[in-house]
Amino acid sequence: MSQDHHRQSHSSKSNTGSTLPVRLFFASALGWLIISSVLGLIVSLKLQLPSFMAGCEWFTYGRLEVLQRNAFTYGWIANAIFGVNLWIMSALARFEFKDSWLAVCGWLGWNLTLTLGLGAILLGHLNGYALLEMPKEVAPALFISFLFAALWPAVAFVRRPTGHVFVSQWYIIGASFVFPVAFGITQLLVLWYPTSGVLQALIHSWFIQNIQLLWIGSSAISATYYFISKESGRTISAYYLATVGFWTYFLFAGWTAPASLLGGPIPVWIQSVGVTTALMMLVPVIILGINFFGTLSYNRGFAGAWNNTTLRFILVGIVSFAVSSALNILFSTRSLNAIVRFTDFTVGQQQLVNYGFVSMVFFGAAYYILPRITGSFWPSAKLVHLHFWSCAIGGLGLALHLLICGYPTVNSGVMSYYLPVIFFVLLQLVGHIAFAINSFVMLLASARNTHDNTHA
Amino acid sequence: MKDFNLILSGIFFTLAASFGGLLISGEVQLGTLGRAPAEEGGPLYPPRETGLAIQGRQVYLELGCVTCHTQQVRPAGQGNDIAKGYGPRPTVARDYVLQTQLLLGNHRNGPDLANYGARAKSDDEIHGHLRSPAAGSTMPAYNFLYVVDKNGVTQPTERAQALVAYLKSLRIDYNSPEAKLKQ
């Protein structure tokens with residue numbers, strides 16, 4: 001397995017066919033990030049002041065919270081995944097994605113459908129399952145858009161005539177394949193032709209684990225591998241373990257689903273399978289830890305990483321990944337799970353994964369990719385710093401607050417419990433606005449340049 | 001690892017393994033589960049929902065109540081749901097066999113509602129709670145479910161009535177072959 005190609009410099013700034021779709025994915029990811037953070041702020045305000053905006057049915061907590069979750073996952077994270085994965089594949093020498101118009105169709109379809117689906121949620125057409133809340137009628141369009149935006153680029157990539165497949169690309173292929181399968185099966189068995197009773201909950205938990213670990217998680221792991229190696233200029237340490245890590249990660253992830261239903265009305269043996277496989281996730285997590293931290297630990301690598309914008313974000317990301325994986329494994333055991341199940345502690349765990357790890361890694365990726373596709377520098381270094389510190393403090397602070405104070409026994413009746421939540425969410429919003437201003441100025445300027453050049 | 005087909009078949013296998021191992025085995029065990037009498041010859045449980053309760057379930061869904069309220073009681077060794085008074089026994093798979101859209105929930109900002117119908121004393125109490133939740137509660141008031149009539153009296157809309165009928169239908173105060181009530 002050669003690792004040479006990932007060290008090759010990325011020479012082609014804008015001559016690959018993927019530039020336009022990558023720009024579009026980033027632009028819409030930023031838009032959804034701002035929308036979801038504004039919704040997050042409203043939702044946290046409503047917990048502190050339940051009467052805030054309570055007069056109108058559209059803005060009731062139950063709907064806005066659902067809206068926020070979907071805008072964050074299918075808006076921000078999904079678009080970032082499409083953009084980063086496409087870019088990582090195209091950045092490799094000897095691969096030019098020729099059918100970029102297909103990815104643009106996927107981008108258009110995905111974002112239009114998502115807008116329609118979220119509008120329907122606002123109007124009260126929602127389902128009771130996390131991340132399946134959008135009406136089932138929008139699912140086929142999302143499914144097909146995904147094939148255009150992610151699956152076809154991945155297939156085109158692996159079918160290119162020459163070249164090795166680096167570990168990042170295994171995870172991208174996996175992620176691009178898992179989403180449509182898990183999403184399609186779950187839509188059919190839960191919403192279109194519902195199975196009876198609690199089987200739906202079991203299928204839904206399988207869906208969530210696949211989406212969370214194998215689609216979102218895999219994509220973030222892929223980007224981490226790529227940028228750690230690229231920016232530190234070193235090969236991944238203990239690279240021979242990466243294959244084992246990859247296959248054990250994919251093999252165990254789906255099985256961990258019932259660990260999120262402990263104590264629920266499903267057969268006990270199924271719950272036990274979930275607990276056991278959740279513990280087995282230690283194997284891939286340790287391997288990923290060795291690969292990530294090992295690579296950065298050479299020759300004052302951590303200090304170097306801290307001084308590199310991309311790696312600074314990714315450093316926060318891999319620390320969050322390590323902590324959240326340890327917590328997820330530990331709190332899958334029955335006795336500990338019994339204490340924290342249904343509480344805000346689990347929201348804190350989610351926050352640590354989806355924000356501390358995934359979002360931070362994609363922020364880092366954006367700092368590497370956007371200058372290269374626009375051919376310009378970040379307009380303001382101050383805004384970059386503001387983005388990092390607001391999001392690191394806001395994101396990790398929120399996660400820590402929820403993990404430490406999230407038990408009802410600690411916070412029951414304490415109304416000030418939500419004040420830090422509001423503060424940290426506000427801080428994140430500030431960071432996101434700084435990031436969006438910087439990115440849009442850059443994207444718009446480069447779009448204008450391209451426009452001028454074509455007319456010149 | 002260079003071979004695309006190998007990677008793809010491996011990924012397919014890992015997905016199929018968890019799908020088969022968890023979901024198909026689950027279907028084999030639970031797919032044919034039906035209602036059962038609490039005692040021999042007695043009526044079948046869980047009871048069928050009334051038409052109004054089915055409409056109320058839709059209102060419950062539309063308002064996103066499931067975001068903050070679960071409908072599942074864990075057994076005594078696994079959390080303190082029973083000690084908190086959420087239900088007289090744990091919920092089991094059979095309690096949900098009639099539900100085409102499950103509302104189990106996964107997070108509790110408010111109490112569990114699996115046995116709320118047995119806890120609530122009257123319709124008025126539930127309406128009162130929906131219009132003005134207890135002080136210190138994070139639950140918003142659902143005033144838009146109520147209208148003031150010509151005489152200045154607040155009346156529940158049809159949706160509020162349906163919602164209350166649904167909430168009253170949430171009960172697990174009967175014996176199930178898998179989970180008996182404590183004598």
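Computation of the quantities below employed the complete heavy-atom set of this structure, encompassing side-chain atoms and omitting hydrogens, waters and symmetry-equivalent molecules. Chain A is the first sequence line, chain B the second, and so forth, proteins listed ahead of strands; every chain is numbered from 1. Note that the structure is predicted; figures quoted are calculated from it, not measured.
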Handout entry: Positions in residues 98-106 of chain B that reach chain A, provided some heavy atom is under 4.5 Å away
Key = Gln99(B), Thr100(B), Gln101(B), Leu102(B), Leu103(B), Leu104(B), Gly105(B), Asn106(B)
Exercise for the section: Quick one: which residue pairs count as a salt bridge (Lys or Arg N to Asp or Glu O under 4.0 Å) with a foot in residues 166-181 of chain A, not counting sequence neighbours? Expected result: none
Problem - Taking every non-hydrogen atom, the tightest pair across Ile173(A) and Leu8(B) - result: CG2-CD1, 4.4 Å
Completion exercise
Here the gap from Ile339(A) atom CD1 to Gln78(B) atom CD, rounded to the nearest 0.5 Å, amounts to 10.0 Å
Problem - Part of Arg159(B) within contact of chain A (heavy atom distance under 4.5 Å) - result: side chain
Handout entry: Least distance between heavy atoms, Phe342(A) atom then Asp81(B) atom
Key = CE1-OD2, 4.3 Å
Exercise for the section: Count the heavy atoms belonging to other residues, nucleotides or ligands that lie under 6.0 Å from CH2 of Trp192(A), then report whether that count exceeds 12. Expected result: yes
Practice task
Determine the minimum heavy-atom distance between Ser196(A) and Leu30(B), stating which atoms define it.
Solution key: OG-O, 4.3 Å
Practice task
Check each atom of Phe12(B) against the heavy atoms of chain A and say whether the ones under 4.5 Å are side chain, backbone, both or neither.
Solution key: both
Exercise for the section: Indicate yes or no: at least one non-hydrogen side-chain atom of Thr60(A) is less than 4.5 angstrom from one of Tyr142(B). Expected result: yes
Exercise for the section: Determine the minimum heavy-atom distance between Gly264(A) and Gln72(B), stating which atoms define it. Expected result: CA-OE1, 3.5 Å
Handout entry: Glu27(B) side-chain N/O to Leu199(A) backbone N/O, donor-acceptor pair under 3.5 Å
Key = no
Problem - With sequence neighbours excluded, residues passing side chain to side chain donor-acceptor pair (under 3.5 Å) with Thr256(A) - result: Gln209(A)
Exercise for the section: Please state whether the side chain, the backbone, both or neither of Phe19(B) comes within less than 4.5 Å of a heavy atom of chain A. Expected result: both
Problem - Residue Thr67(B) versus chain A: region with a heavy atom under 4.5 Å - result: side chain
Fill in the blank from the handout: Residue pairs passing the side-chain hydrogen bond (donor to acceptor under 3.5 Å, both in side chains) test with at least one member in residues 118-130 of chain B, sequence neighbours excluded, are Asp123(B)-Lys168(B), His127(B)-Tyr146(B)
Exercise for the section: For Thr91(B) and Pro265(A), work out which heavy atoms get closest and say how close. Expected result: O-CB, 3.7 Å
Practice task
Please look at Asn109(B) and chain A and tell me whether the side chain, the backbone, both or neither of the residue comes under 4.5 angstrom of a heavy atom of that chain.
Solution key: side chain
Fill in the blank from the handout: So, the part of Ala141(B) with a heavy atom under 4.5 Å from chain A: the answer is backbone
Problem - Heavy-atom pair of closest approach, residues Gly21(B) and Trp255(A) - result: CA-CH2, 3.4 Å
Problem - Arg74(B) side chain near Arg341(A) side chain, heavy-atom distance below 4.5 Å - result: yes
Practice task
Could you tell me which of Ala93(B), Cys68(B), Pro90(B), Gly77(B) has the largest number of non-hydrogen atom pairs under 4.5 Å with chain A?
Solution key: Ala93(B)
Fill in the blank from the handout: When the 4.5 angstrom heavy-atom criterion is applied to Leu191(A) and chain B, the contacting part is side chain
